[in-house]
Each structure stands twice: as structure tokens, then as C-alpha cells.
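Numbers restart at 1 for each chain; the letters A, B, ... are given by sequence-line order, proteins then strands.
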2 protein chains.
Amino acid sequence: MKLIDKENIDFGLLLSQHGLSKTSFRKFLIELFYKTHHALSVDEIINNLSYQIDKVSIYRALNAFEKNGLIHKVPDKANLIKYALCKSECSSEKHLHNHAHLLCSICNETYCINDFKIPVVNEYKGFLINNLKVILEGSCVDCQQI
Amino acid sequence: MKLIDKENIDFGLLLSQHGLSKTSFRKFLIELFYKTHHALSVDEIINNLSYQIDKVSIYRALNAFEKNGLIHKVPDKANLIKYALCKSECSSEKHLHNHAHLLCSICNETYCINDFKIPVVNEYKGFLINNLKVILEGSCVDCQQI
DNA sequence: TGATAAATGCAATTGATTTGCGTTTATTTT
DNA sequence: AAAATAAACGCAAATCAATTGCATTTATCA
Ligand SMILES: [Mn+2]
Ligand SMILES: [Mn+2]
Ligand SMILES: [Zn+2]
Ligand SMILES: [Zn+2]
């Protein structure tokens with residue numbers, strides 16, 4: 001469970017650059033995505049907050065972040081809404097993701113992985129393919145140590 | 001949209017062999033799975049019925065079919081519950097699926113494909129993999145012809 | 001500072017799926 | 001074949017994540 005240096009990111013500026021107002025909750029939220037190394041659900045966001053916030057505001061913030069290229073939806077074991085940080089190349093105009101996801105069947109967390117080689121398929125029996133999703137299911141390092 | 005011969009299957013017997021009672025609706029339902037070549041949602045089942053049936057009975061039949069190895073859940077674009085027929089090897093003891101799925105972004109149908117080669121991965125950076133899912137997204141043959 | 005747009009809170013709604021329970025239908029046992 | 005047991009069904013109600021409407025607050029911009 002390594003932590004990457006936070007690199008002194010100005011989260012307010014980041015929000016502005018993506019066309020979003022910098023409110024205290026949204027600054028907290030984007031920072032939370034930067035320091036968490038797995039995908040976040042609404043409930044996990046609530047658990048990380050030191051104050052109360054309406055779930056509706058969380059859903060709206062997540063939708064706005066996604067629309068403006070800050071985060072992307074990831075698969076979740078229970079089909080709940082769950083998001084992870086985008087690469088800096090993403091914007092509202094172009095969301096591009098071509099990476100696999102790792103799902104732990106024990107703790108139910110989702111991780112993005114960037115160095116798994118996704119097969120390239122353009123066509124399958126007349127079916128035109130624009131996107132190929134790969135989901136690796138299993139048990140994460142932490143959950144094996146039990 | 002080819003149709004495979006129905007091969008004179010005794011659907012009542014098939015239900016019995018899987019530990020299920022042969023009611024008229026369940027015979028109709030398993031037959032519908034056999035003659036449809038894409039995965040079925042609850043609404044599509046209703047559209048195929050010539051009489052009324054409670055949605056709850058459909059959900060319960062689907063759960064029972066899945067539990068007893070007749071059908072398996074497939075991914076769906078809108079995260080609705082959708083099922084497709086299992087291979088005859090499946091039973092309540094052992095459900096084994098190792099095939100990819102094709103999702104048409106236009107008509108939203110899901111197809112099982114059996115000859116797409118799934119990458120074999122047992123481990124990824126300490127993460128133990130038991131299952132690897134592949135989803136091909138694109139446009140099906142019918143939808144391209146518009 | 002004042003006008004305009006974005007974000008928030010609260011209440012209500014939506015929509016798919018599940019649960020409880022009494023009744024009907026199918027299967028098994030006498 | 002009738003009685004006993006178990007499975008499936010129908011209807012109403014509940015669940016639960018997610019969305020919507022609307023009034024209020026906060027942020028942005030001129
Ligand atoms: Mn990802
Ligand atoms: Mn399948
Ligand atoms: Zn885990
Ligand atoms: Zn299609």
C-alpha cells in the first residue's frame with residue numbers, strides 16, 4: 001500500500017482548469033482521489049469526510065468530475081458507482097482509457113492497472129470493436145495475508 | 001441472425017434434470033433461452049410472452065435457473081440483470097465460464113462468444129487472479145447496416 | 001460591489017430488484 | 001389415485017442506489 005508523493009498539486013487550480021468551481025468539498029474530493037490508490041465509492045467518500053455532506057452533492061460532484069475529465073467510472077463487484085482518477089490527458093472533450101482493472105473478490109476494491117497489455121481487436125465476425133475491457137478478478141496482496 | 005436447429009430438446013426433462021419443477025412458464029423460459037441467440041433481460045422475456053406473468057416470477061425463475069446451472073449472468077450496458085444459456089457442462093455444483101462477451105453499443109444486446117482467446121494470467125504484481133473477463137464493445141452486424 | 005452561474009441541502013421520486021406471505025400447482029409418498 | 005410435501009406463483013410492500021426539483025448558499029466574473 002505505497003503512497004506516491006502528492007507533488008504539491010494545487011487542487012483548486014486543477015478544478016478551475018477543468019471548468020469547475022473550487023468549493024471546499026470539491027477540493028477535498030479531488031485531493032482524496034489523488035491520495036487514494038484504489039477506486040472510490042460514494043460510501044467510502046463519506047467515510048473519509050470529517051464533516052457531514054449530503055449524498056446528493058457527492059453524486060453531483062462525481063458526475064461533474066467525470067463529465068469534465070477528472071475521473072472515470074470503473075467496474076465494481078456489486079455494480080455500485082465507483083470512480084478512479086483519470087490520466088492528465090483527459091478532458092471533457094476527450095476521455096481516453098485503455099487500461100485493465102483489478103477487482104479483489106475479498107475486499108471488493110477496484111484498482112486501475114496501466115501495464116497490463118490489452119489485446120487489440122478491431123473486428124470480430126463482422127462486429128466492429130471500438131473498445132475492449134479487461135477485468136482481472138482475484139485476491140489482492142493485503143487480502144491474501146489473512 | 002441465424003437460428004440453430006432446436007434439436008428436439010425436451011425442456012421439461014431439462015428442468016427436471018436440473019432439479020426444477022416443470023411449470024408452463026419455466027418450460028417456455030428455458031426454451032426461449034435456447035432459441036434466442038443473445039442474452040435476455042427481464043423486459044425482453046416479457047415482450048416474448050403471449051400472456052401476463054408477474055415480474056417477480058421472472059426474477060425468481062432466473063435466480064433458480066442460474067443457481068442450478070442453466071444460465072449465467074452476462075454484462076449489460078445499463079447494468080441490468082441479463083442472462084445467457086450455460087454450456088451443458090454447468091450444474092449447481094460447478095458453473096464454469098471462460099468466454100468473452102460482445103456488447104453492441106447501439107442495440108445494447110450482449111452476446112457470448114466462445115472462440116475469442118482469453119489471455120491467461122495467474123498473477124499480477126502479487127495479486128492472485130482467478131478469473132479474467134473480456135468485454136468487446138462495438139457495433140453488431142445488424143446495427144452497422146443502418 | 002452587483003450580476004450571473006455553479007454548487008449545496010432537503011424532500012420527494014424513480015426504477016430495478018428483493019422480500020413476505022397466502023394461494024396455487026407440481027412432485028413425492030402413501 | 002388421494003394425501004402430504006415441496007416448489008412456484010401473484011400481489012403488495014419494502015429496499016436501495018441513484019436522480020430530480022426547487023429554494024438557498026457560495027463562487028465566479030464583470
Ligand atoms: Mn481505471
Ligand atoms: Mn456468456
Ligand atoms: Zn482485497
Ligand atoms: Zn446492435
Side-chain angles (χ1 to χ4, degrees), chain A residues 10-32 39-47 49-83 92 108 110, chain B residues 10-32 39-47 49-83 92 108 110:
Chain A
D10 181 336
F11 294 104
L13 180 60
L14 188 59
L15 290 169
S16 301
Q17 287 171 338
H18 285 264
L20 298 163
S21 295
K22 34 191 173 187
T23 66
S24 61
F25 167 61
R26 291 189 175 195
K27 277 184 284 187
F28 160 85
L29 183 58
I30 188 64
E31 182 168 5
L32 181 62
L40 292 168
S41 64
V42 169
D43 281 340
E44 192 168 356
I45 292 165
I46 290 172
N47 292 339
L49 270 167
S50 52
Y51 56 98
Q52 286 288 112
I53 193 152
D54 197 295
K55 271 194 181 186
V56 175
S57 300
I58 301 178
Y59 282 111
R60 285 199 265 233
L62 292 172
N63 284 334
F65 283 16
E66 183 191 26
K67 182 157 169 260
N68 295 12
L70 283 168
I71 59 178
H72 64 280
K73 278 202 175 102
V74 300
D76 170 68
K77 258 207 113 204
N79 277 345
L80 299 187
I81 287 192
K82 207 172 249 190
Y83 286 98
S92 67
N108 286 348
T110 303
Chain B
D10 181 337
F11 294 104
L13 180 60
L14 187 60
L15 289 169
S16 301
Q17 287 170 338
H18 286 262
L20 298 164
S21 295
K22 35 190 171 184
T23 66
S24 61
F25 167 62
R26 292 188 174 195
K27 278 185 283 187
F28 160 85
L29 183 59
I30 189 61
E31 183 169 4
L32 181 62
L40 290 170
S41 64
V42 170
D43 281 340
E44 191 168 357
I45 292 166
I46 290 173
N47 291 339
L49 270 166
S50 53
Y51 57 98
Q52 286 288 112
I53 194 152
D54 197 295
K55 270 193 182 187
V56 174
S57 300
I58 300 178
Y59 282 109
R60 285 198 264 234
L62 292 172
N63 285 336
F65 282 16
E66 182 189 28
K67 182 157 169 262
N68 294 14
L70 283 168
I71 60 177
H72 64 280
K73 278 203 174 103
V74 301
D76 170 69
K77 259 208 110 204
N79 276 344
L80 299 188
I81 288 192
K82 207 173 249 190
Y83 286 98
S92 67
N108 287 346
T110 303

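As rounded to whole Å, 16 Å separates atom C1' of dA7(C) from atom CD1 of Ile30(A). Per the geometry, CG belonging to Leu29(A) stands 13 Å off C1' belonging to dA7(C), to the nearest Å. At whole-Å resolution of the value, CD1 in Ile81(B) and C1' in dT18(C) are 10 Å apart. We find that CZ of Phe25(A) is positioned 16 Å from C1' of dT25(D), with the value rounded to whole Å. Rounded to an integer number of Å, the gap from Lys67(B) NZ to dA8(D) C1' is 13 Å. If you measure from atom NZ of Lys27(A) to atom P of dA6(C), you get 18 Å, rounded to the nearest angstrom. Whole-Å rounding puts the Lys77(A) NZ to dA17(D) C1' distance at 18 Å. Between Phe65(B) atom CZ and dA8(D) atom P the separation is 9 Å, expressed in whole Å.
Side chains of Asn63(B) and Tyr83(B) form a contact here, defined as non-hydrogen atoms less than 4.5 Å apart.
Here the side chain of Asn108(A) pairs no donor or acceptor atom with the backbone of Lys77(A) at under 3.5 angstrom. Between the side chain of Thr110(A) and the backbone N or O of Pro75(A), at least one donor-acceptor pair lies under 3.5 Å.
Note on Arg26(B): a side-chain N or O is less than 4.0 Å away from OP1 or OP2 of dC9(D). For Tyr59(B) and dT17(C), the shortest distance from a side-chain N or O to OP1 or OP2 is below 4.0 Å.
Distances from the side chain of Lys22(B) to the nucleotides dT27(C), dA17(D), dA8(D) place dT27(C) closest. Distance from the side chain of Thr23(A) is smallest to dT8(C) among dT8(C), dG9(C), dA18(D). You'll find that the side chain of Ser21(B) is closest to dT27(C), out of dT28(D), dT27(C), dT8(C). Taking only side-chain atoms of Asn63(B), from C-beta outward, the nucleotide of dT19(D), dT18(C), dA18(D) with the closest atom is dT18(C). Candidate nucleotides dC21(C), dC10(C), dA18(D) were compared by shortest atom distance to the side chain of Arg60(B), and dC21(C) ranks first. For Val56(B), the listed nucleotide lying nearest its side chain is dC11(D); candidates were dC11(D), dA17(D), dA8(D).
Salt bridge annotation for Asp10(B)-Lys27(B): absent, with no cationic side-chain nitrogen under 4.0 angstrom from a carboxylate oxygen.
Contact detail for Asp43(B) and Lys55(B): the closest heavy-atom pair is OD1-NZ, 3.5 Å.
Heavy-atom distances to DNA chain C give each of Asp54(A) and Lys55(B) a nearest nucleotide, and the one nearer the 5′ end belongs to Asp54(A). Heavy-atom distances to DNA chain C give each of Asn79(B) and Leu20(B) a nearest nucleotide, and the one nearer the 5′ end belongs to Asn79(B).
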